[in-house]
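Inspection log for the structure reproduced underneath, given as structure tokens.
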Amino acid sequence: MGPGSVRARYLVYFQYLGTDFNGVAAVRGVQRAVGVQNYLEEAAERLNSVVPVKFTISSRTDAGVHALSNAAHLDIQRRSDRPPFSPEVLTEALNTHLKHPAIRVLQAFRVPSHFHARHAAISRTYLYRLATGCPRPDRLPVFERNRCWALQADCLDVAAMQEAAQHFLGTHDFSAFQSAGSPAASPVRTVRQASVSPDPTSPFILPEESRRLQFWSLEFESQSFLYKQVRRMTAVLVAVGLGALMPAQVKAILDSRDPLGKHQSRVAPAHGLFLKSVLYEGLETQYRSHR
């Protein structure tokens with residue numbers, strides 16, 4: 001750090017449609033794939049920081065997964081004759097320099113130099129959207145494509161799904177819902193919310209289609225999740241909704257701790273999943289996504 005220069009740490013909230021990206025994490029090297037982080041850091045290069053700006057992402061999402069609100073911390077070190085950016089100016093500057101229309105910075109906060117966006121998060125909420133009454137993918141309105149999992153079924157047994165979801169609540173070993181490649185040291189997680197509910201009618205559906213198309217929301221909240229845990233839990237709940245599993249069998253799958261079983265090895269498509277919010281303790285205000 002140069003004489004008199006100050007390194008300021010910020011927490012930024014940002015959102016994106018994940019369709020065009022190889023996940024949120026930066027892709028290094030010469031691969032054609034690109035992550036959301038690549039665009040954020042490219043925009044940050046225009047801020048003229050003395051040292052390169054790197055984003056530390058709170059919650060990693062896979063290719064095709066969306067975020068209503070993700071978070072990251074970053075350090076910016078300006079020249080000694082320049083004061084730190086205000087959070088408002090930083091938000092505006094990043095949005096001005098972002099080169100992909102599917103990414104937007106929502107809000108920024110100054111945070112202490114020891115703050116860590118991933119480790120300090122106390123809550124993460126994921127939303128998964130389902131659609132029923134869609135016999136073929138091309139029957140889904142174009143505005144909803146890559147925003148939900150269109151099931152060929154006409155209906156779901158939502159009461160059974162709600163009953164099955166209760167087995168996920170509390171502290172459990174979720175090995176049965178963990179995909180290979182998880183960096184987690186322990187498979188034990190505490191799930192505080194697991195809900196299934198009707199989604200308000202999409203504004204993008206024509207009146208004559210609204211009688212057959214129905215949307216559903218699954219929400220899961222925990223401090224953290226295992227790799228692909230939410231998409232595996234979703235696939236099992238859908239199996240319950242379609243009558244392929246009984247609610248009591250979900251508890252048996254959970255207790256088995258076996259990730260290779262017939263039902264729990266299935267993973268719901270990435271494009272129906274949204275990271276809804278990441279929360280931190282001690283911030284005066286926080287950006288929450290409301291639907």
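The structure displayed is predicted, hence computed values, not measured ones. All values below were derived from every heavy atom in this structure, side-chain atoms included, with hydrogens, water molecules and symmetry-related copies excluded.
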- Query: ring pair (Phe, Tyr, Trp, His ring centres under 6.0 Å) between His100 and Tyr16: does it pass, once the steps are laid out?
  - Reply: CA-CA 10 Å; His100 201 293; Tyr16 48 90; over 10 Å; no
- Message: Test side-chain contact (heavy atoms from CB on, under 4.5 Å) on Lys54 and Glu41; report intermediate values, then the result.
- Response: CA-CA 6 Å; Lys54 298 297 180 185; Glu41 291 180 351; 3.8 Å; yes
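Using a 4.5 Å heavy-atom threshold, the side chains of Leu74 and Val12 count as touching. Leu47 places a side-chain heavy atom less than 4.5 Å from the side chain of Leu90.
Identified under the ring-ring contact (aromatic ring centres under 6.0 Å, His included) test for residues 133-167, with sequence neighbours left out: Phe143-Phe204.
Note that OG1 of Thr234 is 7.0 Å distant from CG of Leu273, once rounded to the nearest 0.5 Å. Distance check: Arg124 CZ to Gln223 CD gives 7.0 Å after rounding to the nearest 0.5 Å. Note that the CD atom of Gln229 and the OG atom of Ser224 stand 8.5 Å from one another [nearest 0.5 Å]. Thr56 OG1 to Asp75 CG: the interatomic distance, rounded to the nearest 0.5 Å, is 7.5 Å.
Checking side-chain atoms of Gln264 against main-chain N and O of Asp258 turns up a donor-acceptor pair under 3.5 Å. The main-chain N or O of Pro141 is never found under 3.5 Å from a side-chain atom of Glu144 such that the two would form a donor-acceptor pair. Put simply, the side chain of Asn146 never gets that close to the backbone of Gly64: no donor and acceptor are under 3.5 Å apart. Side-chain N or O atoms of Arg110 include none that pairs as donor or acceptor with a backbone N or O of Ala8 at under 3.5 Å. At distances below 3.5 Å, not a single donor-acceptor pair connects side-chain atoms of Gln193 with backbone N or O atoms of Glu219. Remark: the backbone N or O of Pro83 is paired with a side-chain donor or acceptor of Arg78 at under 3.5 angstrom. For Asp255 (side chain) and Ala252 (main-chain N/O), no donor-acceptor pair under 3.5 Å exists by modelled atom type. Side chain of Gln37 to backbone of Ala26: a donor-acceptor contact under 3.5 angstrom is found. In this structure, the side chain of Arg118 does not engage the main chain of Arg60 through any donor-acceptor pair within 3.5 Å. No donor-acceptor distance shorter than 3.5 angstrom exists from the side chain of Arg129 to the backbone of Cys148, with no hydrogens or angles considered.
Within a 6.0 Å sphere centred on CZ of Arg257, heavy atoms belonging to other residues, nucleotides or ligands number 12 at most. The neighbour count for Arg145 CZ, taken as heavy atoms of other residues, nucleotides or ligands under 6.0 Å away, is above 12. Counted within 6.0 Å of CD on Gln152, heavy atoms from surrounding residues, nucleotides or ligands total 12 or fewer; the atom is thus considered open.
In this structure, Lys99 does not pair ionically with Glu45, as no charged nitrogen and carboxylate oxygen lie closer than 4.0 Å.
Ring pair Phe168/Phe177: centre-to-centre distance below 6.0 Å. The six-membered or imidazole ring of Phe109 lies away from that of Tyr280, with a centre-to-centre distance of 6.0 Å or more.
Val53 and Val6 end up in different hydrophobic clusters when Ile, Leu, Val, Met, Phe, Trp and Tyr side chains are linked at under 4.5 Å. No continuous path of hydrophobic side-chain contacts links Ile57 to Leu275 [ILVMFWY only; heavy atoms under 4.5 Å]. Residues Tyr126 and Leu106 fall within the same hydrophobic cluster, defined by Ile, Leu, Val, Met, Phe, Trp and Tyr side chains chained together at heavy-atom separations under 4.5 Å. Tyr227 and Val230 are members of different hydrophobic clusters when ILVMFWY side chains are connected at heavy-atom separations under 4.5 Å.
With sequence neighbours excluded, no residue forms a salt bridge (Lys or Arg N to Asp or Glu O under 4.0 Å) with Lys262.
Side chains of Ser179 and Arg232: a donor-acceptor N/O pair is present below 3.5 angstrom, by distance only. Counted by atom type alone, Ser123 and Glu221 present one or more donor-acceptor pairs between their side chains at under 3.5 Å. In this structure, a donor-acceptor pair under 3.5 Å is present between the side chains of Arg104 and Gln15.
Using cut-offs of 30° and 60° on the angle between ring planes, the pair His119 and His116 is parallel.
Just one of Val188, Val191, Thr190 meets the side chain to side chain contact (heavy atoms under 4.5 Å, CB included) condition when paired with Phe174; it is Val191. The side chain to side chain contact (heavy atoms under 4.5 Å, CB included) test with Trp216 singles out one residue from Asp199, Val158, Leu237, and that residue is Val158. Checked options Leu98, Leu94, Val24; the residue passing with Leu40 is Leu98 (criterion: side chain to side chain contact (heavy atoms under 4.5 Å, CB included)).
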